[in-house]
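Quick notes on the structure that follows.
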2 protein chains.
Amino acid sequence: MSDKEKINTEEKILDAAKEVFTEEGKAGAKMQMIADRAGINKSLLHYYYRSKDKLFAAVFKFAFGKMASKIFTIFKSDDDFFTQLERFVENYLSILLKNPFIPMFILGELNKKHNNIAAELILKSDVNIDSFADIVQKEIQKGTIKKDIQAKNLIINILALCIFPVIAKPIIEPVVFNNKTDAYKNYIKNRKDEIVEIVYNMIKV
Amino acid sequence: MSDKEKINTEEKILDAAKEVFTEEGKAGAKMQMIADRAGINKSLLHYYYRSKDKLFAAVFKFAFGKMASKIFTIFKSDDDFFTQLERFVENYLSILLKNPFIPMFILGELNKKHNNIAAELILKSDVNIDSFADIVQKEIQKGTIKKDIQAKNLIINILALCIFPVIAKPIIEPVVFNNKTDAYKNYIKNRKDEIVEIVYNMIKV
DNA sequence: TCTACCTTTGACCGATTAGTTAAACCAAAT
DNA sequence: ATTTGGTTTAACTAATCGGTCAAAGGTAGA
């Protein structure tokens, strides 16, 4: 019995749904595709997740939880600010490398006009920038970073530098790295030091 | 007769298709939606663009051409490197502000598994990083920028800082700006100076 | 007016798809 | 052995969607 056969049906469905929804989008994904990928009958999907919407919501919840919920927790440690930033980038990139499908999955759905599920989950989530803004303010008072640094700009810039290379892979790999997959992978792996240095140059006094 | 009624049918269809494909994705967009949005009969879509694939390809070609084809032309001017960079960012942000739908439209489709049209168009395009790499190399030799600057990193970082805030709007606006649309718009407008300064700090010796 | 050509329309078709249903399967408890 | 409960399946349905077609509308030139 292989590893995949050991896990239960519900889990198999969710894994298959993650893949298919990401590859095809919500509308493009067909319940039959997901069933085939999970190695089960289509009716079983409706047995475990009553509708396509429900199944999609389950996948979205997983993805959004991974990327957003614990985004600012690192900044509650006792490390100095620069170490915290470095650990944040490292942590975030690590999640991205393990789940490169997540950012495009989330952004793709959030950019749709009618997204009942996605908008709800964002409001419900406890993602809050205020505590991070407080920390930045304290660093400014301590004189460790530039006086005009704004927490909002800082976090957006960091996320941009982390996430963009992942979602733009299908255009970066051919145009910048001449379709050499290894070159792209290597680039992503070395990205942490690059980002940390940029951020350091951004904020240091 | 309103402005929209004056333009010809083909143009009306293309405009409607841009909107609907962006809002719903290729699979999610229905030919009937596009027809309704254009204020015409569904059969007319097939009269002007024989199939959904053809119509989608037309929209993709427009979007990709806008964002990618003239991406490196600014660096062929006689201005000094820093001025070129500043003008590049300004130019790119201006296109993004006028066509905020484009990045998500392109990336959304490129990240799908089966995208015959999109991948073709990238290969056909004359987007080439080599000339930009040459310019960067010369600046290094002149001693105007850091010795370890890599053209590939530089252009990806600039694009990330320009594009990410646009595609992540539906998450930035509620989480960072408490759903205040004006605050977000203001942020985007002031983005040029922010990016230019980051890039300056990134590369200056 | 007649003709020729381009444009527009409504009715229709075949294929696909999400979801239903009733029956079969299977393991554990009685 | 029988029952009970959760699990799995094949067959089916109703609705939707991309695309076709034949006919009608409109317009400019002969």
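Atoms considered below: every heavy atom in the structure, side chains included; atoms not considered: hydrogens, waters and symmetry mates. Here is how names work: the chains are called A, B, and so on, in the same order as the sequence lines, proteins then strands, and each is numbered from 1.
- Computed from coordinates, the A:E24 CD to C:dT17 P distance equals 11 Å when rounded to whole Å.
- Ring geometry for B:F177 versus B:Y184: interplanar angle over 60°, hence perpendicular rather than tilted (30 to 60°).
- Taking atom CZ on A:R50 and atom C1' on C:dT20, their separation rounds to 13 Å, with Å as the unit.
- Rounding to whole angstrom units, CZ of residue A:F56 and P of C:dT17 are separated by 18 Å.
- Applying the side chain to side chain donor-acceptor pair (under 3.5 Å) test to A:N179 and every residue at least two apart in sequence or in another chain returns nothing.
- For B:S43 and D:dT20, a side-chain-to-base donor-acceptor distance below 3.5 Å is present, hydrogens and geometry of angles not being considered.
- B:A17 is linked by a side-chain contact (heavy atoms from CB on, under 4.5 Å) to B:F21, B:I34, B:L55, B:V59, counting only residues two or more places apart in sequence or in another chain.
- In this structure B:K30 satisfies the side chain to side chain donor-acceptor pair (under 3.5 Å) test with no other residue, sequence neighbours excluded.
- A:L45 places its CG atom 13 Å from the C1' atom of D:dT9, with the value rounded to the nearest Å.
- When rounded to the nearest whole Å, the span between CD1 of A:I40 and P of D:dT9 equals 7 Å.
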Which atoms of nucleotides 13-18 of chain D (N or O only) lie under 3.5 Å from a protein N or O atom, and what are those distances?
from	atom 1	to	atom 2	distance (Å)
D:dG18	OP1	B:A29	O	3.4
D:dG18	OP1	B:K52	NZ	3.0
D:dG18	OP2	B:M31	N	3.0
D:dG18	N7	B:K42	NZ	3.3

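- Every residue meeting the side chain to side chain donor-acceptor pair (under 3.5 Å) condition with B:T144, not counting sequence neighbours, appears here in chain and number order: B:E139.
- By the side-chain contact (heavy atoms from CB on, under 4.5 Å) test, B:V196 is found to be paired with B:E86, B:V89, B:K192, residues two or more places apart in sequence or in another chain being considered.
- Across all strands, A:Y49 comes closer than 4.0 Å to no nucleic acid atom at all (heavy-atom distances).
- Taking the six-membered ring for Trp, B:F105 and B:F56 have ring centres closer than 6.0 Å.
- When rounded to the nearest whole Å, the span between CG of B:L44 and P of D:dG19 equals 15 Å.
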Could you pull out every donor-acceptor pair under 3.5 Å between side chains of residues 155-166 of chain A and any protein atom, sequence neighbours left out?
from	atom 1	to	atom 2	distance (Å)
A:N157	OD1	B:R191	NH1	3.1
A:N157	OD1	B:R191	NH2	2.6
A:N157	ND2	A:N153	O	3.1
A:N157	ND2	B:E194	OE2	2.8

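- When the P atom of D:dG6 is taken as reference, atom OH of A:Y47 falls 7 Å away, rounded to whole Å.
- If you measure from atom OH of A:Y48 to atom P of D:dT9, you get 10 Å, rounded to the nearest angstrom.
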Under 3.5 Å between N/O atoms: give me all the protein pairs with nucleotides 13-15 of chain C, atom names plus distance.
none

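- Between B:T9 and the phosphate of C:dT7, there is no side-chain N or O to OP1/OP2 separation shorter than 4.0 Å.
- Every residue two or more places apart in sequence or in another chain was checked for a salt bridge (Lys or Arg N to Asp or Glu O under 4.0 Å) with A:D134, and none qualifies.
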